[in-house]
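Only heavy atoms go into these numbers, but all of them, side chains included; no hydrogens, no water, no symmetry mates.
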Amino acid sequence: LAQTQMMADLFTQETLQNSKDYEAFANKYGNRYHCRITLIDKEGNVAADSGTDDHLENHKSREEVRRALQGESVSVTRYSNTMKQEYSYSAVPVSTADFDGVIRISLPFSTVRGLTDKLGGSLELTILLCLLLAMAAAFIFTGYITRPINEVAKGAERISDGDYNIKIYTRDKTVVGKLADSFNIM
């Protein structure tokens with residue numbers, strides 16, 4: 001829908017005066033952005049369509065056109081009898097000095113579904129990588145925390161076995177490090 005609104009803004013900024021200009025606009029941007037652009041006047045007549053050169057029937061009864069002519073910006077998905085497949089349509093009202101109607105952008109629903117599938121696959125991969133990264137960070141952090149505790153535990157075990165000459169060396173400056181220093185003083 002945002003892309004359709006941007007296309008409408010572009011349409012209002014260009015100097016377009018007749019059906020040739022409308023066709024050129026629809027074809028230029030339809031080709032550039034790999035979508036079908038249709039310009040429909042306020043009576044529902046197709047002024048230009050980048051998807052076909054055929055004369056198209058009145059579009060006033062099409063849901064997205066009807067709603068856009070009422071001032072709504074709308075997106076719908078439905079079967080296109082012209083293109084013989086399901087399409088996703090976005091339509092917004094547009095008005096210039098020489099044109100009053102609707103600009104509509106449509107994409108085959110298979111294209112939209114393909115983009116959604118790619119996004120879903122990328123999202124799954126991202127979640128998996130984040131999970132693996134979190135597990136690795138947890139493993140490293142746990143080792144960092146438990147290493148000084150293990151050193152003190154081993155030293156305490158050797159002291160309980162009668163080895164009073166043991167020294168516990170740790171770089172830890174927290175409570176565990178203070179405990180190791182206390183064992184060394186004893």
> Going through the checks in order, is the side-chain contact (heavy atoms from CB on, under 4.5 Å) test met by K154 and R158?
Replying inline: CA-CA 6 Å; K154 286 178 187 173; R158 287 182 61 190; 5.7 Å; no
> How many angstroms lie between atom CD1 of I37 and atom CD of Q3, to the nearest 0.5 angstrom?
Replying inline: 11.0 Å
> What is the distance from atom OG of S90 to atom CD1 of I105, rounded to the nearest 0.5 Å?
Replying inline: 7.0 Å
> Other hydrophobic cluster members with I140, side-chain heavy atoms of Ile/Leu/Val/Met/Phe/Trp/Tyr under 4.5 Å, chained?
Replying inline: none
> If every non-hydrogen atom of Q17 is compared with every non-hydrogen atom of D21, which pair is closest and at what distance?
Replying inline: N-OD2, 2.9 Å
>> Rounded to the nearest 0.5 Å, what separates atom CG in L56 from atom CD1 in I40?
In response: 9.0 Å
> Quick one: CG on L133 to OG1 on T126, what's the gap to the nearest 0.5 Å?
Replying inline: 12.0 Å
>> Do P93 and S73 make a side-chain contact, defined as non-hydrogen atoms from C-beta onward lying under 4.5 Å apart?
In response: yes
> Between the side chain of D41 and the main-chain N/O of E43, is any donor-acceptor distance below 3.5 Å?
Replying inline: yes
>> Between T38 and D49, is the side-chain hydrogen bond (donor to acceptor under 3.5 Å, both in side chains) condition met? List the steps.
In response: CA-CA 4 Å; T38 309; D49 189 305; 2.9 Å; yes
> If every non-hydrogen atom of H34 is compared with every non-hydrogen atom of L107, which pair is closest and at what distance?
Replying inline: O-CD2, 3.5 Å
>> Please determine whether side-chain contact (heavy atoms from CB on, under 4.5 Å) holds for the pair L39 and F11, giving the CA-CA distance in whole Å, both sets of side-chain angles, and the decisive distance to 0.1 Å.
In response: CA-CA 10 Å; L39 296 167; F11 181 80; 3.6 Å; yes
> If you take all heavy atoms of T77 and E86, which pair is closest and at what distance?
Replying inline: CG2-OE2, 3.5 Å
> Between R67 and E63, is a salt bridge (Lys or Arg N to Asp or Glu O under 4.0 Å) present by the stated rule, with each step listed?
Replying inline: CA-CA 6 Å; R67 290 172 59 187; E63 179 185 0; 2.9 Å; yes
>> Other residues, nucleotides and ligands only: do more than 12 of their heavy atoms fall within 6.0 Å of CD on E157?
In response: no
> Is there side-chain contact between Y89 and R62, with at least one heavy-atom pair below 4.5 Å?
Replying inline: no
> How far apart are the closest heavy atoms of K60 and L69, and which atoms are they?
Replying inline: CG-CD1, 4.2 Å
> Who are the ring-ring contact (aromatic ring centres under 6.0 Å, His included) partners of Y29, not counting sequence neighbours?
Replying inline: F25
> Do the side chains of Y22 and V46 join up, straight or via other hydrophobic residues, at under 4.5 Å, putting them in one cluster?
Replying inline: no
> For V74 and A68, which heavy atoms make the closest approach, and how far apart are they?
Replying inline: CG1-N, 4.4 Å
> Take atom CG in D161; do more than 12 heavy atoms of anything else shown fall under 6.0 Å from it?
Replying inline: yes
>> I'd like to check R78 versus E64 (side-chain heavy atoms, cut-off strictly below 4.5 Å). Are they in contact?
In response: yes
>> Can you give me the closest heavy-atom contact between S50 and C35, atom names plus distance?
In response: OG-O, 3.6 Å
> Honestly curious: do L10 and V92 fall in one hydrophobic cluster under the side-chain, below-4.5 Å linking rule?
Replying inline: yes
>> Run the side-chain contact (heavy atoms from CB on, under 4.5 Å) test on F99 and T96 for me, step by step, so that the C-alpha distance in whole Å, both residues' side-chain angles and the decisive distance to 0.1 Å come before the verdict.
In response: CA-CA 5 Å; F99 184 86; T96 66; 3.5 Å; yes
> Among all residues two or more places apart in sequence or in another chain, which pass the side-chain hydrogen bond (donor to acceptor under 3.5 Å, both in side chains) test with E23?
Replying inline: none
> R104 and R36: side-chain contact (heavy atoms from CB on, under 4.5 Å), yes or no, with the steps?
Replying inline: CA-CA 8 Å; R104 181 180 74 174; R36 181 178 169 203; 3.9 Å; yes
> Are L16 and M7 connected in the hydrophobic side-chain network, where two residues link if heavy atoms are under 4.5 Å apart?
Replying inline: yes
>> Would Q5 and D9 count as a side-chain hydrogen bond (donor to acceptor under 3.5 Å, both in side chains) here? Give the steps.
In response: CA-CA 6 Å; Q5 186 59 57; D9 292 344; 3.2 Å; yes
>> Measuring centre to centre across the rings, with the benzene-like ring taken for any Trp, is Y79 within less than 6.0 Å of Y87?
In response: no
